[in-house]
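Okay, so here's the structure we're looking at.
Since the structure is predicted, the reported quantities are computational estimates derived from the model, not experimental observations.
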Amino acid sequence: VEKVEALGPVFLRITLSGEDLSSHGDASIHFRLVQPPKDGAPEWPTVAPNGSTVWPDGPGAPHKPVYTTRYVDHDKHTLVTDVFVHEGGRTTDWAREVMNGERGRQVIGLVGPAGGGLLDADRVLMATDETGFPAAARLLENLPKSATGELILEAEHGAACAYPITAPEGFAVRWLSRAKGETLLGAIRDAMPRHEGAHVWFAGEKGDAKHLRDTAKAAGWDAKKLRISGFWSAPA
């Protein structure tokens with residue numbers, strides 16, 4: 001980890017460096033950010049004879065959540081990712097630790113890249129909460145400049161989260177505030193009739209993702225135009 005810095009009030013931007021990031025191409029979206037445990041020696045994954053990854057599951061097992069590649073600089077051998085700050089999150093705690101100068105877990109692992117790749121579409125309806133802001137930003141930056149559509153963003157206090165997202169000129173951008181009772185699922189369901197035939201991209205709570213998938217299927221939406229993902233699970 002080279003640097004961790006605040007990116008507005010609820011995100012941290014992390015710059016990573018490595019000897020070889022050639023697998024992270026321009027179309028690469030997601031990777032696993034492999035963090036050693038807080039106490040004790042880390043146990044890194046190994047490769048089985050059949051080529052599959054073997055993850056340790058003992059006390060030294062790493063935390064390996066999936067994050068979005070925001071930028072890769074192959075000349076400088078650096079990769080930038082953004083982390084949504086939420087209290088009690090293991091990655092949040094780790095990132096703050098490194099930002100405060102503790103070096104015990106500064107060496108991490110990257111696995112990937114993986115993911116559905118970039119969107120290639122002229123008409124798009126997108127909706128996400130903070131967990132998907134980095135992915136949405138990456139996708140939007142790579143859409144055709146002529147693309148049109150709607151972007152719905154949900155944060156605790158709406159646009160006050162100050163996460164930098166730039167959409168094509170033909171996009172309507174709408175911020176929702178959870179503090180005011182506005183919900184992502186309700187907003188995208190209301191928006192879908194206005195965007196019939198467009199590509200749909202959604203990232204949010206897993207139950208909401210399933211509900212939206214079922215709704216789109218019942219409405220006869222082309223499955224090839226749906227990228228609906230659950231990035232997190234609400235407590236049972």
Is it the case that the side chain of Thr81 and the backbone of Tyr67 share a donor-acceptor pair, with hydrogens and angles ignored and the cut-off at 3.5 Å?
no

Could you measure the distance from the CD1 atom of Ile152 to the CG atom of Leu125? Nearest 0.5 Å is fine.
5.5 Å

Where do Pro37 and Gly60 come nearest, in terms of heavy atoms and distance?
CD-O, 3.5 Å

Tell me, which pairs form a ring-ring contact (aromatic ring centres under 6.0 Å, His included) where one or both residues lie in residues 173-206, sequence neighbours left out?
Phe133-Trp175

Do we see a donor-acceptor contact under 3.5 Å between the side chains of Thr91 and Gln35?
yes

Would you check, one step at a time, whether the test salt bridge (charged side-chain N to carboxylate O under 4.0 Å, His left out) holds for Arg194 with Glu150?
CA-CA 10 Å; Arg194 300 195 297 270; Glu150 185 172 355; 3.0 Å; yes

Sequence neighbours left out, cut at 3.5 Å: what donor-acceptor pairs do the side chains of residues 181-191 make with other protein atoms?
from: Glu182; atom 1: OE1; to: Ser177; atom 2: N; distance (Å): 2.6
from: Thr183; atom 1: OG1; to: Gly186; atom 2: N; distance (Å): 3.4
from: Arg189; atom 1: NH1; to: His211; atom 2: NE2; distance (Å): 3.0

Side-chain (Arg32) to main-chain (Lys64) donor-acceptor, under 3.5 angstrom
yes

Run the salt bridge (Lys or Arg N to Asp or Glu O under 4.0 Å) test against Glu169 and tell me which residues pass, sequence neighbours left out.
none

As an exercise, state the distance from NZ of Lys3 to OG of Ser17, rounded to the nearest 0.5 Å.
11.5 Å

Salt bridge (charged side-chain N to carboxylate O under 4.0 Å, His left out) contacts in which one or both residues fall within residues 156-165, not counting sequence neighbours
Glu156-Arg178

Atom CG in Leu226, atom CH2 in Trp221: separation rounded to 0.5 Å?
7.5 Å

Please list, chain by chain and in numerical order, all residues satisfying ring-ring contact (aromatic ring centres under 6.0 Å, His included) with His86, sequence neighbours excluded.
Phe84

Tell me yes or no: between the side chains of Asp82 and Tyr163, is some donor less than 3.5 Å from an acceptor?
yes

Results of side chain to side chain contact (heavy atoms under 4.5 Å, CB included) for Lys206 - residues two or more places apart only:
Ser233

Please name the pair of heavy atoms, one in Gly112 and one in Ser23, separated by the smallest distance, quoted to 0.1 Å.
O-OG, 3.8 Å

Roughly how far, to the nearest 0.5 Å, is CD1 of Ile29 from CG of Leu139?
5.0 Å

Can you give each donor-acceptor pair under 3.5 Å made by side-chain atoms of residues 50-57, sequence neighbours left out, with the distance rounded to 0.1 Å?
from: Asn50; atom 1: OD1; to: Ser52; atom 2: N; distance (Å): 3.0
from: Asn50; atom 1: OD1; to: Ser52; atom 2: OG; distance (Å): 2.7

What one should report as the nearest heavy-atom pair of Gly8 and Ala162 is CA-CB, 4.5 Å

Residues clustered with Val80, ILVMFWY side-chain links under 4.5 angstrom:
Tyr71

Could you list who else is in Trp232's hydrophobic cluster, with ILVMFWY side chains joined at under 4.5 Å, directly or through other members?
Phe231

Taking atom SG of Cys161 and atom CG of Asp129, what is their separation to the nearest 0.5 Å?
10.5 Å

Euclidean distance, Leu79 CG relative to Leu21 CG, rounded to 0.5 Å:
6.0 Å

Main-chain N/O of Ala203 paired with Thr128 side-chain donor or acceptor, under 3.5 Å
yes

Are the side chain of His74 and the backbone of His24 linked by a donor-acceptor contact shorter than 3.5 Å?
yes

Determine all donor-acceptor pairs shorter than 3.5 Å in which one atom belongs to a side chain in residues 95-104; sequence neighbours excluded.
from: Arg96; atom 1: NH1; to: Glu87; atom 2: OE1; distance (Å): 3.2
from: Arg96; atom 1: NH1; to: Glu87; atom 2: OE2; distance (Å): 3.4
from: Arg96; atom 1: NH2; to: Glu87; atom 2: OE2; distance (Å): 2.9
from: Glu97; atom 1: OE1; to: Lys38; atom 2: NZ; distance (Å): 3.0
from: Glu97; atom 1: OE1; to: Arg105; atom 2: NH2; distance (Å): 3.0
from: Glu97; atom 1: OE2; to: Arg105; atom 2: NE; distance (Å): 3.2
from: Asn100; atom 1: ND2; to: Arg96; atom 2: O; distance (Å): 3.2
from: Arg103; atom 1: NE; to: Gln106; atom 2: OE1; distance (Å): 3.4
from: Arg103; atom 1: NH1; to: Gln106; atom 2: OE1; distance (Å): 3.3
from: Arg103; atom 1: NH2; to: Gln106; atom 2: OE1; distance (Å): 3.2

How would you list, by chain and number, every residue that makes a ring-ring contact (aromatic ring centres under 6.0 Å, His included) with Trp44, sequence neighbours excluded?
none

Side chain to side chain contact (heavy atoms under 4.5 Å, CB included) against Pro164, all qualifying residues, sequence neighbours excluded
Leu7

Identify the heavy atoms of Pro9 and Ala160 that sit nearest to each other, and give their distance.
CG-O, 3.6 Å

